[in-house]
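For reference, the structure discussed in these notes is given below.
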Amino acid sequence: MDYDVIVIGGGHAGIEACLACARTGFRTLLVTQSLDAIGRLSCNPAVGGLAKGNLVREVDALGGQMGLLIDATMIQFRMLNKSRGPAVQCPRAQADKFSYSRLAKETLEKQENLNLFMDTVTDLLTDEEKKTVLGVKTQRGHVISSKAVVLTTGTFMNGRIFIGEYDHSAGRLGEEAALGLGDRLRELGFNVGRLKTGTPARIRFSSLDTDRMERQDGDEEIVPFSFTHDSIERRQIPCWITYTNEKTHKIILDNIGRSPLYGGKIVGRGPRYCPSIEDKVMRFRDRDRHQVFVEPEGTGTEEMYLNGLSSSLPEEVQADFIHSIRGLENAVIMRPGYAVEYDYLDPLQLKNSLESKVLENLFVAGQTNGTSGYEEAACQGLMAGINACLKLMGRSPLVLDRTEAYIGVLIDDLVTKGTKEPYRMFTSRAEYRLNLRHDNADERLTQKGYDAGLATGERLEKLREKARGVEELQELLRHRGYESKNALEALKRPEVNLDLMAQSIEEIKNFTPSVRLETELKVKYEGYIKRQDKQVERFKNLEKIVIPADFDWDRVDGISTESREKFKTVRPESLGQASRISGVRASDITVLLAYLRH
Amino acid sequence: MEIYSTDDIIYALATPWGTGALSVIRVSGQGCIDMLSSVFKSRKKLTSVSSGTAVYGSLVNGKDIIDNCIATVWKDGHGYTGEDAVELSCHGGLQTVEAVLEFLPTLGMRQASRGEFSLRAFLHGKMDLTRAEAVRELIDSRSESARATALGRLEGNLEKQIRAVRDDILNVMGTVEVQLDYAEDETEPDIEFPVQTVRTAVESLNAIRATYRTGKLYGQGARIVLAGAVNAGKSSLFNRMLREERSIVSSREGTTRDFIEAQCVIDGIPVRLYDTAGLRDSSDDIEEEGIRRSRLLFEQADVILWLADPQNPVRDSAIENDPRCICVATKSDVSDKDIEGFLSFSSVTGKGYDELCRAISAKLREGLPPVPEGTLVIQSARQKECLDRACQALEETLEHVEEGLSLDIVSIDIREALDALGELTGEVTTDDILENIFSNFCVGK
């Protein structure tokens, strides 16, 4: 056996997967098409955002890398939705793309037990029954054996990019697609589908008129993504905001027939939540303008990202509509926007450990499972890596449920409902989001990461320290008064916060920002959190009713035919999961409950 | 939760217990056609006909014919319950029905428990929960008015109205969630909370909730207790009412000095009528017990008819002043005497009877909101409870918006309202909410 684990693909999923395996002590190989493209931010130059920021902090709490990478390379930080409530506030950072990618590669190179190799995987080795994966075959003819394989191909599997009438086989502009593997997976029994995503043009900073745009600066205080440090100092640079106008929309509408999306060349479904500008203009005809963020791609470059203008219209049309926008009249386009269509594997064929139901010891993560986003990819890569290792150790998988982490919500959604469009995380997907805050990800997950052999002892010690701090601060407030009230009680009022209190109760300043935030939220939302805890308990009761892997669905009398087919496709692992399959009737769940009970 | 077994054969009378032209007895369960075929003499065997066929024949016990009836056979899961089933249309009449019902268990069948047919239909996916409930109510209801509203449910009236409210609330949820799923800089800056939509929803739900008492009155009926001194004329009135209202279902007698109970319908409202022991102090232990039970009945009564003989009036100011009380002066045929504030009635001539019924009906409807013709009415406590929860959650939503609480908290209240309404109309999933966001807001960088 050449390796314990082979990870295919060096994107955000691949990075977490190979680090998790190597750090747990398994001999790991990362095979990537380009060693120069590790950890590339192919689309927007930002990490985090609503719900996504929670994912990054969860990855960090479990012992993953993404939080550390962005902390070290951010060029702007914002805490989003502070006014809309703590349960949904979330960190977002602009990244220096080039530093991010370079640091990712450096991190992998320094990692013990990890080898990096540049080649394209074209086939999987399997046993004779084609039931278990045994390694990979590459384009240049290498045959490499391993006990487990993690597949993270991103947009590269049969990737094809589109710009107006032009189309070309590629995973990113200028990077060849990975051909062959998708077809082999089809032969092995994987359901392979097509999805679509897109990216806007990059323009040159010195050609912009920033006086004609709004400036958007970062927050003064930076809250690190990683729980390993309390604060970071980074130089921040601004983003710029401008808007499309009637003229922009007219140019787009006049040329809509030349869009590969509207012309019918692209069959894959694109994301509704991140529509191209042509989609926005077509679908929201009454809107007279759409916002455009002009974001730096890094510090050592003039390239600027036109967030909100993703497009696959012909290049000259892109140029026309860009030039119709205030501040961008003379913009020099450096790279055009384009759409990319790629193969993804139906996630309904996955267990909730992210192991394939088709091929044992094959784990799949990231865009290959139909998701979209760096953060969504990273968290799956991490879980796939952890579970590959646990499998090799003969231990049961680490499965986070919907009450424990956004990661749990994401994976449960994927393996239970599948997806027809690129899946992005939203706070509203999480039923228990009051508990799934970014600030308490360590409390929820670090112990689990430690038990899986990934999160270090220092992380655990840091968590305990924080927990002690939260206790001590509450104790302090309990014995102090604030505005003629008990301070702990006073903190529950909407207009009071710890920063205000610290003006009269000096000792509060001795506590770290993370302790202060956590305490404040704990106290303020106590009633709601308790209420949610009750729902969590009810949820867990259904999860506890396990459905055996070899359960014979044909034997259950009284289930409707549609539901039975759905059960057989998803093969839910618990009654709770069964109840979340879309279109399954409540009455069928009642029957199933009755059946499992007796 | 009551657990039923579902693998045996059950039977039950499907039509009301009483005298009618026909009585239908329903039998359901795997193997029931075989079982009945052996005791049903007809030209075509029940086992040989196709599903949905009605066969004329005789139900026989050995050589004795129990009844000549029509058996409708349901096979291959086409029956009401989704199991093999037979419906026996027998001659009406209690004796015949009783004879059939006594005969069936000797074949190895079991009398169905309440709601068991619907449960089986539900378990076999033949019926969803709201329909199951409506069918149950249909079966339970004993009067024409109640039947009409129950039918309204089956046609999905209730669901339609509640669904409209649910859709409005889903839109409210959309405006909140879009702000929780997208950052300040990604959405329009000032999305105002749609207070008015929530208020209107509360009003609509309140209007539906208000029909519950009406629905309950027509569906579950009312208790009327006859009270008064010994010889005040209670039994005469009792008998008169039973004679006038032909839809008597049953009557039974308790211990001699206890009370007599009967059912009838007054002005479309099913009524349980109680004739109580006379009220007076007594040293007789048995009678004392009777009086104690009468008092208990009083407490549960919806209307108390307090009777007094004008020639020898026994009065009780506590009862007469009870808001539920209607005072009746009896024996108006014997003398011209009236009692002030009392309705006058003669059980011999029937004079005053219609006025009395109108008074009872008016009293029962007192305080009920007017329900326009054709409006749906809710009867089930479960539905009422869901609507209550939704209303309460929406009122909390408004309070919390008023107090300026953050949207992540407000969203919990709205979610609760949606969940409560979802129990009636089908679950609101996160996909529904996201769908709502994407179709109403242009979002995303």
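Every chain is numbered from 1, with letters handed out A, B, ... down the list of sequences. Keep in mind that the numbers below use all heavy atoms, side chains included, and drop hydrogens, waters and symmetry copies.
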>> Below 4.5 Å, heavy-atom pairs only: which of B:Val410, B:Ile412, B:Ile409 has the largest tally toward chain A?
In response: B:Ile409
> Could B:Asp413 and B:Arg415 be called an ion pair, given the rule that one side-chain N must be under 4.0 Å from one carboxylate O?
Replying inline: no
>> By the definition side chain to side chain contact (heavy atoms under 4.5 Å, CB included), identify the one residue from B:Leu418, B:Thr397, B:Val195, B:Ile414 that meets it with B:Val172.
In response: B:Ile414
> Distance from A:Leu50 atom CG to A:Arg92 atom CZ, nearest 0.5 Å?
Replying inline: 8.0 Å
> Just checking, is any N or O donor in the side chain of A:Asn435 or A:Asp533 under 3.5 Å from an acceptor N or O on the other one?
Replying inline: yes
> Which bit of A:Tyr528 comes within less than 4.5 Å of chain B, counting heavy atoms only: side chain, backbone, both or neither?
Replying inline: side chain
>> Parallel, tilted or perpendicular: which one describes the rings of A:His249 and A:His290, with boundaries at 30° and 60°?
In response: tilted
> Given a strict heavy-atom distance threshold of 4.5 Å, which part of B:Leu180 is in contact with chain A: side chain, backbone, both, or neither?
Replying inline: both
>> Can you confirm whether or not the ring centre of B:Tyr182 sits under 6.0 Å from the ring centre of A:Tyr273?
In response: no
> Given a strict heavy-atom distance threshold of 4.5 Å, which part of A:Ile241 is in contact with chain B: side chain, backbone, both, or neither?
Replying inline: neither
> Counting heavy-atom pairs under 4.5 Å to chain B, which of A:Glu495, A:Arg433, A:Gln532 comes out on top?
Replying inline: A:Arg433
>> Is A:Arg78 close to chain B through its backbone or its side chain, or both, or neither, when contacts mean heavy atoms under 4.5 Å?
In response: side chain
>> Less than 4.5 Å to any heavy atom of chain B: does that hold for the side chain of A:Ser582, its backbone, both, or neither?
In response: neither
